[in-house]
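Inspection log for the structure reproduced underneath, given as structure tokens.
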Amino acid sequence: MSKIFPRNSKVWAFGSAYGFEGNSKYLYCYTVEHSPNIRAIWIARSRKESRHICSKGAEAHYRWSLPGIWLAFRSKYWFFNVCSSDINYVASAGASLVNLWHGVPLKKIHFDVESHANRYKTLSFRLRKVFLYTPDDEIYDNLVSTSKYISDMSFSSALRVPAEQCLNLGYPRLDPFFWDQDYSAKWLKRWSSVYEQKFINKIKTYDKAFIFMPTWRDHAPHFIKEQNWDFIGLDKKLAKNNTLLMLKLHPLTPLSLVNSVKQCSNIELLDSSQDVYCILPHTHGLITDYSSIMFDYALLDRPICYFAHDLDDYLAKSREFYMSFDEVVYGPVVTTMEQVESFLLNPENTTDLNEARQRIKDLCFDYQDHDASQRIVMHFTQ
């Protein structure tokens with residue numbers, strides 16, 4: 001039905017599997033504010049999410065409500081972060097699918113994965129393809145990338161999108177990194193939740209604020225145990241320095257691994273669906289491992305610590321990398337909790353590798369500004 005349904009090029013649908021977040025969120029907000037001729041609709045995963053967005057003076061509908069289903073059938077352009085299921089897969093045929101994706105890849109993704117972690121090579125996947133058309137079989141009309149280098153290196157082959165259909169226009173979620181204070185405050189007042197606004201104000205009461213954002217591990221979902229975090233002991237040291245540490249774990253990482261954080265005053269566990277891109281500009285440093293956040297954070301020109309305690313295992317048992325890890329790091333690479341604590345408590349001792357950071361920025365980002373959303377909207381309205 002959706003393939004033969006007449007679609008309106010002035011009606012655009014947006015969505016995300018993890019709530020109101022990611023590239024689709026920031027592109028949606030820009031479209032609502034700057035493109036009055038476009039009917040921008042957020043297709044929400046819950047009625048609560050829909051009500052929250054409607055309270056901001058924008059249009060949103062629960063995906064299984066009658067308006068949500070109807071507008072999914074009527075909208076010409078679909079913008080999402082992973083696949084059409086972010087909006088509503090059953091109504092996707094006939095829509096122009098624009099995958100905004102969710103990060104500059106260091107680790108290999110989708111069809112480029114050569115290890116056992118590639119589900120596209122499993123017998124069950126191959127059998128399923130014979131009998132059922134699934135989101136895994138989608139052909140995207142366009143994929144948004146951050147640079148021609150990244151499109152050629154990864155996206156074109158991994159997601160099977162021809163190079164000419166990769167739009168190297170930048171990620172909307174990175175626009176906030178370049179906003180001035182006045183515009184940022186205005187945007188936060190309209191689009192952020194009360195919790196986000198209060199939390200950002202809370203961050204400003206600390207001398208330093210850091211965020212820990214590790215990637216998912218196909219082979220070791222309980223990796224945090226192996227890292228030997230002593231959250232209670234660390235919390236006491238952070239309190240003495242008036243420093244805040246935020247934990248933003250991958251949505252698939254069990255939160256039970258960090259239960260002790262509930263007893264901490266200077267360590268905050270963020271919800272796995274929390275949009276961090278309005279928070280990151282207020283941080284002073286990042287701790288990560290092999291996550292794509294390392295590339296995004298480079299645009300803020302702030303210190304990064306790479307906690308790579310299991311690098312060899314990750315490469316052998318989880319994913320291969322597109323680029324050598326040594327070629328993309330521009331900060332201390334550590335393997336013990338003592339070294340992580342040293343970074344948190346004495347960030348001024350970190351060697352700032354400006355040239356290495358700039359090389360990564362120039363490689364991964366054709367544009368380094370706040371206009372990614374504008375470029376995407378202009379591409380689809382001209």
Side-chain angles (χ1 to χ4, degrees), residues 1-102 132-142 144 172-173 187 189-197 251-252 271-275 277-278 373 376-377 380-381:
M1 286 178 60
S2 62
K3 182 171 285 190
I4 64 173
F5 214 82
R7 294 182 178 270
N8 188 336
S9 62
K10 298 293 185 181
V11 180
W12 294 6
F14 303 77
S16 171
Y18 298 112
F20 194 43
E21 58 84 43
N23 283 316
S24 53
K25 168 186 174 177
Y26 288 92
L27 181 61
Y28 168 78
C29 294
Y30 178 89
T31 306
V32 169
E33 292 193 340
H34 299 279
S35 301
N37 294 328
I38 300 299
R39 185 179 178 185
I41 302 154
W42 185 268
I43 303 297
R45 61 177 182 164
S46 69
R47 296 185 187 279
K48 180 180 179 181
E49 182 182 309
S50 173
R51 289 193 297 269
H52 166 71
I53 297 166
C54 289
S55 72
K56 306 297 181 180
E59 185 174 4
H61 300 282
Y62 172 51
R63 68 176 63 182
W64 293 116
S65 67
L66 287 177
I69 295 171
W70 168 256
L71 290 167
F73 276 108
R74 288 289 288 137
S75 50
K76 170 67 174 177
Y77 293 109
W78 282 30
F79 300 92
F80 45 82
N81 299 326
V82 179
C83 64
S84 66
S85 293
D86 289 9
I87 296 175
N88 194 332
Y89 167 67
V90 299
S92 63
S96 182
L97 304 181
V98 184
N99 195 331
L100 302 170
W101 202 240
H102 48 277
L132 183 68
Y133 178 85
T134 71
D136 296 305
D137 303 295
E138 285 182 335
I139 298 175
Y140 304 119
D141 295 275
N142 292 107
V144 173
R173 70 184 188 185
W187 189 95
K189 184 176 181 181
R190 176 172 185 184
W191 294 107
S192 290
S193 65
V194 174
Y195 166 79
E196 288 169 339
Q197 294 177 47
L252 296 178
D271 190 275
S272 59
S273 64
Q274 173 63 48
D275 169 33
Y277 282 85
C278 58
S373 296
I376 295 171
V377 169
F380 288 99
T381 54

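Worth saying up front: this structure is predicted, and the values here are computed from it rather than measured. Every heavy atom of this structure was used, including side-chain atoms; hydrogens, water molecules and symmetry mates were not.
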To the nearest 0.5 angstrom, please state how far the [atom1] atom of [X] sits from the [atom2] atom of [Y].
X: Asp141; Y: Lys76; atom1: CG; atom2: NZ; answer: 7.5 Å
X: Cys83; Y: Trp101; atom1: SG; atom2: CH2; answer: 8.5 Å
X: Arg39; Y: Thr31; atom1: CZ; atom2: OG1; answer: 14.5 Å
X: His61; Y: Trp70; atom1: NE2; atom2: CH2; answer: 12.5 Å
X: Ser2; Y: Phe73; atom1: OG; atom2: CZ; answer: 5.5 Å
X: Phe20; Y: Ser46; atom1: CZ; atom2: OG; answer: 12.0 Å

Looking only at non-hydrogen atoms, find the nearest pair between [X] and [Y] and report the distance.
X: Ser75; Y: Ala95; value: O-CB, 4.1 Å
X: Ala58; Y: Trp191; value: CB-CH2, 3.8 Å
X: Ala40; Y: Phe14; value: CB-CE1, 3.7 Å
X: Cys54; Y: Ala60; value: SG-O, 3.5 Å
X: Ser272; Y: Pro251; value: CB-CA, 3.7 Å
X: Arg47; Y: Ser65; value: NH1-CB, 4.2 Å

More than 12 foreign heavy atoms under 6.0 Å from CG of Leu252: is that the case here?
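For Leu252, atom CG is crowded (more than 12 foreign heavy atoms under 6.0 Å).
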Is there a donor in the side chain of Asn81 and an acceptor in the side chain of Tyr18, or the other way round, less than 3.5 Å apart?
no
Looking only at side chains, do Ser192 and Gln197 share a donor and an acceptor under 3.5 Å apart?
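Result is no, nothing qualifies.
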Assess the residue pair Lys48 and His52 against the criterion (side chain to side chain contact (heavy atoms under 4.5 Å, CB included)); give the C-alpha distance rounded to whole Å, side-chain angles, the decisive distance to 0.1 Å, and a yes or no.
CA-CA 6 Å; Lys48 180 180 179 181; His52 166 71; 5.8 Å; no
Could you walk me through whether Tyr62 and Ile43 pass side chain to side chain contact (heavy atoms under 4.5 Å, CB included), step by step?
CA-CA 6 Å; Tyr62 172 51; Ile43 303 297; over 6 Å; no
Note, [X] side chain near [Y] side chain (heavy atom, < 4.5 Å):
X: Trp64; Y: Ile69; result: yes
X: Val82; Y: His102; result: yes
X: Ile38; Y: Tyr77; result: no
X: Asn142; Y: Asn99; result: no
X: Leu27; Y: Val377; result: yes

Backbone N/O of Val11 and side chain of Arg74: donor-acceptor pair under 3.5 Å:
no
Give a yes or no on whether the backbone of Gly19 and the side-chain of Ser16 come within a donor-acceptor separation of less than 3.5 Å.
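Indeed, once roles are kept as given, a pair shorter than 3.5 Å links the two residues.
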Between Lys25 and Glu21, does any NZ, NE, NH1 or NH2 come within less than 4.0 Å of an OD or OE carboxylate oxygen?
no
Name all residues meeting the salt bridge (charged side-chain N to carboxylate O under 4.0 Å, His left out) criterion together with Glu33; count only those two or more places apart in sequence or in a different chain, and write none if there are none.
Arg190
Could you walk me through whether Glu59 and Leu71 satisfy the side chain to side chain contact (heavy atoms under 4.5 Å, CB included) test, starting with their C-alpha distance in whole Å, then the side-chain angles of each, then the deciding distance to 0.1 Å, before giving a yes or no?
CA-CA 11 Å; Glu59 185 174 4; Leu71 290 167; 3.7 Å; yes
Phe80 and Leu97: side chain to side chain contact (heavy atoms under 4.5 Å, CB included), yes or no, with the steps?
CA-CA 8 Å; Phe80 45 82; Leu97 304 181; 3.9 Å; yes
Option passing ring pair (Phe, Tyr, Trp, His ring centres under 6.0 Å) with Trp42 (candidates Tyr26, Tyr28, Trp12):
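Checked Tyr26, Tyr28, Trp12 against Trp42; only one passes ring pair (Phe, Tyr, Trp, His ring centres under 6.0 Å): Tyr28.
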